[in-house]
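What follows is a short report on a single structure.
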Amino acid sequence: STIDVEPPKPTVDKFLGGLLSPNFDEASCLSRYQSALFWKSSNHTPSPYLLQRLRSYESLHKKCAPNTELYNKSIEQLRSNHSTGPLECNYVVWMASDGLGNRMISLTSAFLYALLNNKVLLVDLPEDMKGLFCEPFPDTTWVLPSVDFPIKNLKSVWAFEKDPYRYGDMLKNKVLSTDLSTSNASLPAYLYLHLIHANDDFDKMFYCEDDQILLQKFPWLLLRSNQYFVPALFLIPEFEKELNLLFPERTSIFHLLGRYLFHPSNSVWGYITRYYEAYLANAKERLGMQIRILGNVDFAKHASYIINCALSSKLLPDVDLKDSAPSNLTEVKPKAVLVTSLNSGYFERLRDMYYEHATTTGDVIGVYQPSHEEEQHTEKLNHNMKALAEIYLLSLSDALITSRFSTFGYVAQGFGGLRPWLLVRPDAKNVCLHSVTMEPCFHFPPSYDCKARRKADLATLAPFLGHCEDFPNGIKLF
Ligand code: GDP
């Protein structure tokens, strides 16, 4: 008789190439160190310099964390109603806007911005995000204690659009200028940076170097964004050199920072691991399909378009419409397709196709969809938990098909380190495009060349910038 010897398990690097600090309690956040068991190991290694900067950021954060002495000092200054220049601890407060994908890409941008400025990132956590993520920095918190915070109504987008310290408005009204003669005595206690898609050209002056020099004087910057604004930071000379040191591989920024920052809470990790083990773990290959419908589309045409994309890209096998006699299928491992969508129509269409017909390759295809919430409900925690779980499950695929213009898909591809096949042109048959990178797109970038002081297409200002494949007005890193 033979003795079954379990092959030794390959050792997994649970710290993701040094990206994750070892100083966390494992049980309080199982996903943090278990993710490495589920993700394919990344060939995008973080640079030693990034690791060094993350570790020093972590100590700075701990030193300046809410309710420390230094934090209280900075809060006191905020109460005093004017800034006297930078303090020992200076902050970027991130405020949410829109769905989870938008939040995650903008939060990542805000973190990088804080890192570049030696500021501390605090998060004004909405109720509907409480319990989604673990703390990203060891022995401290990134949650802004909003109860004692001197500035109220942080949640109200509307109130802040009219905030007297909205940076763009202050420039427009000439209350503030990047003129170096601006004396510290006249600086307000904080600035509100309105960086959501619908801001104006004055708000967008944020992306210019002179403005960045002025912003350094403020210990408190409140920042609301739903954009991945990292590409524009490369055009600010002050940051460019540092960014190149941090990220020798420009197109892995979101991949690395996303994996560094976002760790599903234990409850969300339960959703992910239960679903994965039940439906996906046993498959020989996994294809993720993220279907996000924006505007009116003809279902039948759109479903054919998506299926054609999968077939023509050889991500799924054709079906044999002649219904030949079944081949011997015992012990054939299935290929799994994970569909995520707010509706179930596309999933049903694909499942039926492989139920009713054999494949030409002899493969069997399992089609799964964890939820169909019908409508976006970003204000509900439970809805966001499913969204996060599904983003994560998509990232565990071997290949991805994603919808154009969707930040939900961007996060999945970044987590997974995958270049997706993009459903770019639902009007044209068979056109889906294999994305050149896994980086998210900055949908609504500024259109101003700060150096030349005139309107410009930012995609033309640096060789490593270009228009997004799925949204030509946007820019991304290549
Ligand atoms: P975007 O609007 O596609 O850029 O992505 P966002 O994540 O910012 O906003 C869409 C929101 O709709 C998500 O956060 C979810 O709340 C919901 N949603 C959209 N597609 C899906 C899906 O496939 N599954 C789940 N569970 N929720 C989805």
Side-chain angles (χ1 to χ4, degrees), residues 94-110 126-133 157 195-198 224-229 254 258 262 264 267-268 270-272 274-276 279 287-295 297 302-303 306 337-348 350 367-397 400-416 420 422-424 426 439-444 468 470-471 473-474 476:
W94 174 84
M95 297 142 88
S97 176
D98 292 281
L100 190 60
N102 280 280
R103 292 180 186 187
M104 293 169 80
I105 57 167
S106 72
L107 192 42
T108 305
S109 310
E127 287 301 319
D128 52 57
M129 274 177 88
K130 286 185 181 153
L132 272 192
F133 299 107
V157 179
L195 301 182
I196 65 169
H197 62 285
R224 191 187 308 281
S225 168
N226 54 6
Q227 301 288 300
Y228 184 68
F229 60 81
F254 183 75
F262 300 115
S267 12
V268 179
Y271 285 39
I272 295 166
R274 283 189 297 275
Y275 199 87
Y276 186 82
Y279 303 103
L287 169 67
M289 273 190 174
Q290 183 246 344
I291 302 171
R292 177 94 167 105
I293 303 301
L294 299 165
V297 294
H302 198 56
I306 296 170
V337 184
L338 175 77
V339 179
T340 76
S341 170
L342 287 172
N343 315 105
S344 48
Y346 298 91
F347 152 76
E348 282 165 10
L350 197 64
V367 186
Y368 311 98
Q369 179 171 345
S371 77
H372 49 95
E373 295 278 283
E374 312 303 334
E375 277 173 17
Q376 178 171 344
H377 278 291
T378 295
E379 74 292 351
K380 292 190 181 142
L381 174 63
N382 183 258
H383 172 86
N384 292 338
M385 288 171 77
K386 289 182 193 161
L388 177 58
E390 287 166 38
I391 286 174
Y392 201 102
L393 284 165
L394 284 169
S395 83
L396 302 177
S397 308
L400 266 186
I401 294 177
T402 58
S403 295
R404 63 181 288 277
F405 194 55
S406 174
T407 59
F408 191 95
Y410 295 163
V411 179
Q413 78 201 32
F415 275 4
L422 279 163
L423 298 167
V424 278
E439 272 284 290
C441 172
F442 181 4
H443 287 154
F444 298 96
C468 308
D470 60 327
F471 190 67
N473 289 343
K476 79 186 236 187

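As a basis for the values below, the full set of heavy atoms in this structure was taken, side chains included, without hydrogen atoms, waters or symmetry mates. Whatever order the structure lists ligands and atoms in, that order sets their numbers, starting from 1. Along the sequence shown, the residues carry numbers beginning at 1.
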Between [Y] and [X], is there a side-chain donor-acceptor contact under 3.5 Å, judged purely by atom types and distance?
X    : Y    : answer
S371 : E390 : yes
S406 : Q290 : yes
N102 : Y410 : no

How close does the nearest protein non-hydrogen atom get to [atom], and which residue and atom is it?
atom                    : result
atom 14 (O) of ligand 1 : L100 N, 3.1 Å
atom 13 (C) of ligand 1 : F408 CD1, 3.8 Å
atom 27 (N) of ligand 1 : L342 CD2, 3.8 Å
atom 2 (O) of ligand 1  : R292 NH2, 2.8 Å
atom 11 (C) of ligand 1 : Q376 CD, 3.4 Å
atom 7 (O) of ligand 1  : G101 N, 2.7 Å
atom 24 (N) of ligand 1 : E390 OE1, 2.7 Å

Worksheet entry | Ring centers of F262, F133 separated by less than 6.0 Å |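 Ring centres of F133 and F262 closer than 6.0 Å.
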
Worksheet item: Any chance the rings of Y275 and Y392 have centres within less than 6.0 Å?
Response: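 Judged by ring-centre distance (under 6.0 Å), Y275 and Y392 do not meet the cut-off.
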
Within ligand 1, which atoms have a heavy atom of [X] less than 4.0 Å away?
X    : result
G99  : 6 (P), 7 (O), 8 (O), 9 (O)
H383 : 15 (C), 16 (O), 17 (C)
S371 : 26 (N)

Worksheet item: Can you name the one residue among H372, Q376, H377 that meets side-chain hydrogen bond (donor to acceptor under 3.5 Å, both in side chains) with E374?
Response: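 Exactly one candidate clears the test, H372.
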
Decide whether an N or O pair under 3.5 Å exists between [X] and ligand 1.
X    : result
N102 : yes
S341 : yes
T340 : yes
I291 : no
D98  : no
T407 : yes

Worksheet entry | 4.5 Å side-chain heavy-atom contact, Q413 and T402 |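 They are in side-chain contact.
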
Item to complete: Output, in order, the C-alpha distance, side-chain angles, deciding distance and verdict of side-chain contact (heavy atoms from CB on, under 4.5 Å) for T340 and L393.
Response: CA-CA 9 Å; T340 76; L393 284 165; over 6 Å; no

Discussion item. For I196 versus N226, what's the shortest heavy-atom pair and its separation?
Written reply: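 Minimum heavy-atom separation between I196 and N226: CA-OD1, 3.4 Å.
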
Discussion item. Within the supplied structure, the quantity of interest is the number of heavy atoms (other residues, nucleotides, ligands) at a distance under 6.0 Å from K130 NZ; does it exceed 12?
Written reply: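 Enclosed: over 12 neighbouring heavy atoms sit under 6.0 Å from NZ of K130.
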
